[in-house]
Visitor: 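This structure is in structure tokens; I'll ask about it shortly.
Just so you know, residue 1 is the first one in the sequence shown, and it goes up from there.
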Amino acid sequence: MYSYSMVQWLFFFYLYCFMGWCVESVYVSVRKRHLTNRGFLRGPFLPIYGSGAMMMLVASMPFRDSIVMTYISGCIGATTLEYVTGVVMEKLFNMRYWDYSKKKFNFQGHICLGTTLAWGLLTILMTEILHVPVERFVFAIPGLTLNILTLVLTVGIVADFTLSFKAAVDLRELLLKMEQVKKELLHIQKRLEAIVGSANHEVEICKGALTEGMNNLRSVRIEDVIAGIENKLENIKQAAQSKSSAYLESVKEEILDLKTKYVFHLEARRYLGELKDMVQRNLIRDNPSMTSDRFQEDLEELKQKASEKERK
């Protein structure tokens with residue numbers, strides 16, 4: 001049985017957060033062929049690794065004498081933690097920072113069989129090999145020094161987490177605003193279609209298309225919406241020049257209003273897509289595998305912007 005003080009448990013957590021960051025960052029940096037800082041935090045810590053390590057130690061604690069039960073407890077404990085963390089983060093930020101949807105035998109994309117089996121092996125590695133010298137190292141640190149180190153790390157990591165959490169919430173709000181702008185542009189496109197159609201039954205068809213478009217907003221590409229608006233404005237311009245139209249004259253003010261709104265929302269969309277906040281850019285850059293069922297198109301646009309700014 002492990003017998004540690006609260007300070008020692010906390011220091012173990014920070015130590016494994018750092019070790020996890022080292023492994024993850026080196027692995028990704030080698031794959032990308034350039035230095036990459038991985039994770040949710042800005043500092044060299046990955047809380048999911050520290051939490052996973054603590055879960056492995058606690059879950060396997062009653063089964064230290066059985067390698068089989070250590071393996072099983074590690075599979076169950078770490079997988080449970082991974083699932084709960086994934087669900088909570090998605091609910092909070094509308095974002096997945098990892099996604100196993102393309103893996104075989106996955107559950108909701110948050111966990112998968114292959115990773116679960118790997119957690120069990122890592123638990124054995126942790127308890128039987130890795131934690132022994134780590135424990136010896138921590139025990140060798142004088143009590144006062146350990147307390148000071150833990151306090152400093154706690155202050156730094158809490159501040160880092162607060163900043164990163166705010167950036168993630170702000171990123172969610174940014175994506176919501178981008179979605180709202182797309183919705184407004186789609187509304188303008190459909191109304192212009194109705195004006196071009198002009199006949200009553202065509203107007204009704206366009207109204208139906210508008211409702212359908214709003215219900216399937218996620219499947220609508222912003223480029224298609226913008227191209228559709230430009231096309232309809234050109235159609236209206238040609239129709240007005242080719243012949244006099246009482247109908248077009250009757251909706252002249254509405255057309256001008258729609259054009260004004262189009263220019264405003266298009267500029268707003270471009271401004272939002274610039275991704276001016278450095279912390280948000282770093283959050284996207286450091287988590288290239290993040291996905292979002294709701295905001296995937298907008299997220300990919302922001303990923304591209306973040307990548308472009310990094311190259312500059």
Visitor: Is Met19 close to Tyr49 at the side-chain level, that is, under 4.5 Å between some pair of heavy atoms?
Guide: no

Visitor: Applying a strict under-4.5 Å side-chain criterion to I, L, V, M, F, W and Y, I'd like to know whether Met55 and Tyr4 cluster together.
Guide: no

Visitor: How many angstroms lie between CG in Leu256 and CD in Glu253, if you round to the nearest 0.5 Å?
Guide: 7.5 Å

Visitor: Using modelled atom types only, decide if a donor and an acceptor are shared between the side chain of Gln8 and the backbone of Val138 within a distance under 3.5 Å.
Guide: no

Visitor: Tyr262 pairs by side chain to side chain donor-acceptor pair (under 3.5 Å) with which of Lys232, Glu267, Glu230?
Guide: Glu230

Visitor: Passes side chain to side chain contact (heavy atoms under 4.5 Å, CB included), Leu41 versus Leu46? Steps please.
Guide: CA-CA 7 Å; Leu41 302 181; Leu46 278 174; over 6 Å; no

Visitor: Holding to ring-ring contact (aromatic ring centres under 6.0 Å, His included), I want the full list of residues that pass it with Tyr271, two or more places apart in sequence or in another chain.
Guide: none

Visitor: According to a 4.5 Å side-chain heavy-atom criterion applied to Ile, Leu, Val, Met, Phe, Trp and Tyr, with indirect links allowed, do Tyr16 and Val7 form part of one hydrophobic cluster?
Guide: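 Yes, Tyr16 and Val7 fall within the same hydrophobic cluster.
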
Visitor: For the residue pair Arg96 and Ser101, establish whether any side-chain heavy-atom pair is separated by less than 4.5 Å.
Guide: yes

Visitor: How many angstroms lie between atom CG of Leu146 and atom CG of Leu153, to the nearest 0.5 angstrom?
Guide: 9.5 Å

Visitor: Which heavy atom in Ser73 sits nearest to a heavy atom in Ala59, and how many Å separate them?
Guide: CB-O, 3.4 Å

Visitor: List the residues meeting ring-ring contact (aromatic ring centres under 6.0 Å, His included) with Phe165, not counting sequence neighbours, and say none if there are none.
Guide: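 Residues passing ring-ring contact (aromatic ring centres under 6.0 Å, His included) with Phe165: Phe93, Phe161.
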
Visitor: Could you go through the side chain to side chain contact (heavy atoms under 4.5 Å, CB included) check for Glu184 and Arg269 one step at a time?
Guide: CA-CA 11 Å; Glu184 294 295 334; Arg269 173 79 188 196; over 6 Å; no

Visitor: Please report the interatomic distance CD1(Ile255) to CG(Leu192), rounded to the nearest 0.5 Å.
Guide: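 Answer for the CD1-CG pair, Ile255 versus Leu192, is 7.5 Å.
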
Visitor: Where do Thr70 and Ser60 come nearest, in terms of heavy atoms and distance?
Guide: CG2-CB, 3.9 Å

Visitor: Please tell me if the side chains of Leu175 and Leu302 come closer than 4.5 Å, counting only heavy atoms from C-beta onward.
Guide: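 SC-SC contact between Leu175 and Leu302 confirmed.
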
Visitor: Nearest 0.5 angstrom please: Leu283 CG to Arg42 CZ, how far?
Guide: 8.5 Å

Visitor: Using side chain to side chain contact (heavy atoms under 4.5 Å, CB included), reason through Thr85 and Tyr97 one step at a time and then give a plain yes or no.
Guide: CA-CA 10 Å; Thr85 303; Tyr97 285 82; over 6 Å; no

Visitor: Does any non-hydrogen side-chain atom of Phe295 lie less than 4.5 Å from one of Leu171?
Guide: no

Visitor: Same cluster or not: Ile129 versus Met61, using hydrophobic residues (I, L, V, M, F, W, Y) connected whenever any side-chain heavy atoms lie under 4.5 Å apart?
Guide: yes

Visitor: Side chains of Met126 and Leu57: closer than 4.5 Å at any heavy-atom pair?
Guide: yes

Visitor: Between Tyr83 and Phe107, how do the two ring planes meet: parallel, tilted or perpendicular, split at 30° and 60°?
Guide: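 Tyr83 and Phe107: tilted rings.
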
Visitor: To check you understand the geometry: which heavy-atom pair defines the closest contact between Gly109 and Asn106, and what is its length?
Guide: N-OD1, 3.1 Å

Visitor: Are Ile229 and Leu233 close enough that some pair of their side-chain heavy atoms sits under 4.5 Å apart?
Guide: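 They are in contact (side-chain heavy atoms under 4.5 Å apart), so the answer is yes.
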
Visitor: Using the side-chain hydrogen bond (donor to acceptor under 3.5 Å, both in side chains) rule, take Gln304 and Glu300 through it: C-alpha gap first, then chi angles, then the decisive distance, then the call.
Guide: CA-CA 6 Å; Gln304 183 178 355; Glu300 289 302 323; over 6 Å; no

Visitor: Measure the CG-NE2 distance between Leu258 and His187 for me, rounded to the nearest 0.5 Å.
Guide: 8.5 Å

Visitor: Strictly distance-based, threshold 3.5 Å: is any side-chain N or O of Asn147 a donor or acceptor partner for the main-chain N or O of Gly143?
Guide: yes

Visitor: I'd like to know if Lys177 and Asp298 make a salt bridge, using a cut-off of under 4.0 Å between side-chain N and carboxylate O.
Guide: no

Visitor: For the residue pair Val181 and Leu272, what are the closest heavy atoms and their distance?
Guide: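 Of all heavy-atom pairs spanning Val181 and Leu272, the closest is CG2-CD1, 4.1 Å.
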
Visitor: Of the options Phe137, Phe12, Phe139, which is the one that meets His131 in a ring-ring contact (aromatic ring centres under 6.0 Å, His included)?
Guide: Phe12

Visitor: Indicate, with yes or no, if Met54 and Ile72 share a hydrophobic cluster defined by side-chain heavy-atom contacts under 4.5 Å among Ile, Leu, Val, Met, Phe, Trp and Tyr.
Guide: no

Visitor: Identify the two heavy atoms, one from Pro47 and one from Cys17, that lie closest to each other, and give their separation to 0.1 Å.
Guide: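 Heavy-atom minimum between the residues: CA-SG, 3.6 Å.
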
Visitor: For Met95, which of Met89, Met290, Arg294 qualifies under side-chain contact (heavy atoms from CB on, under 4.5 Å)?
Guide: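 One option only clears the test, and that one is Met290.
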
Visitor: So for atom NZ, which belongs to Lys261, do other residues, nucleotides or ligands contribute more than 12 heavy atoms lying within a distance under 6.0 Å?
Guide: no

Visitor: Side-chain contact, heavy-atom cut-off 4.5 Å: Arg136 with Val132?
Guide: yes

Visitor: Nearest 0.5 Å please: distance from the CG atom of Asp99 over to the CD atom of Glu90.
Guide: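 It is 8.5 Å, given to the nearest 0.5 Å.
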
Visitor: If we ignore hydrogens and angles and just use 3.5 Å, is the side chain of Asp160 paired with the main-chain N or O of Gly43 as donor and acceptor?
Guide: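 Yes; at least one donor-acceptor contact below 3.5 Å.
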
Visitor: Under 3.5 Å, sequence neighbours excluded: what are the donor-acceptor pairs made by side chains of residues 113-121?
Guide:
from: Thr116; atom 1: OG1; to: Thr79; atom 2: OG1; distance (Å): 3.0
from: Thr116; atom 1: OG1; to: Cys112; atom 2: O; distance (Å): 3.1
from: Trp119; atom 1: NE1; to: Glu82; atom 2: OE1; distance (Å): 3.2

Visitor: Verify, without hydrogens or angle tests, whether Arg172 (side chain) and Leu92 (backbone) share a donor-acceptor contact under 3.5 angstrom.
Guide: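 Between the backbone of Leu92 and the side chain of Arg172 there is a qualifying donor-acceptor contact (under 3.5 Å).
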
Visitor: Would you please test Tyr14 and Leu149 for side chain to side chain contact (heavy atoms under 4.5 Å, CB included) and show each step?
Guide: CA-CA 10 Å; Tyr14 296 150; Leu149 281 174; over 6 Å; no

Visitor: Before you tell me yes or no, could you show the steps for Glu179 and Lys182 under salt bridge (charged side-chain N to carboxylate O under 4.0 Å, His left out), namely the whole-Å CA-CA distance, both residues' side-chain angles and the distance that decides it to 0.1 Å?
Guide: CA-CA 5 Å; Glu179 181 186 62; Lys182 181 165 70 172; over 6 Å; no

Visitor: What's the shortest heavy-atom distance between Met56 and Thr123, and which atoms?
Guide: CG-OG1, 3.3 Å

Visitor: Give the cluster check for Leu125 versus Val58: same hydrophobic cluster or not, with ILVMFWY residues linked at side-chain heavy-atom distances below 4.5 Å.
Guide: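 Cluster IDs for Leu125 and Val58 match.
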
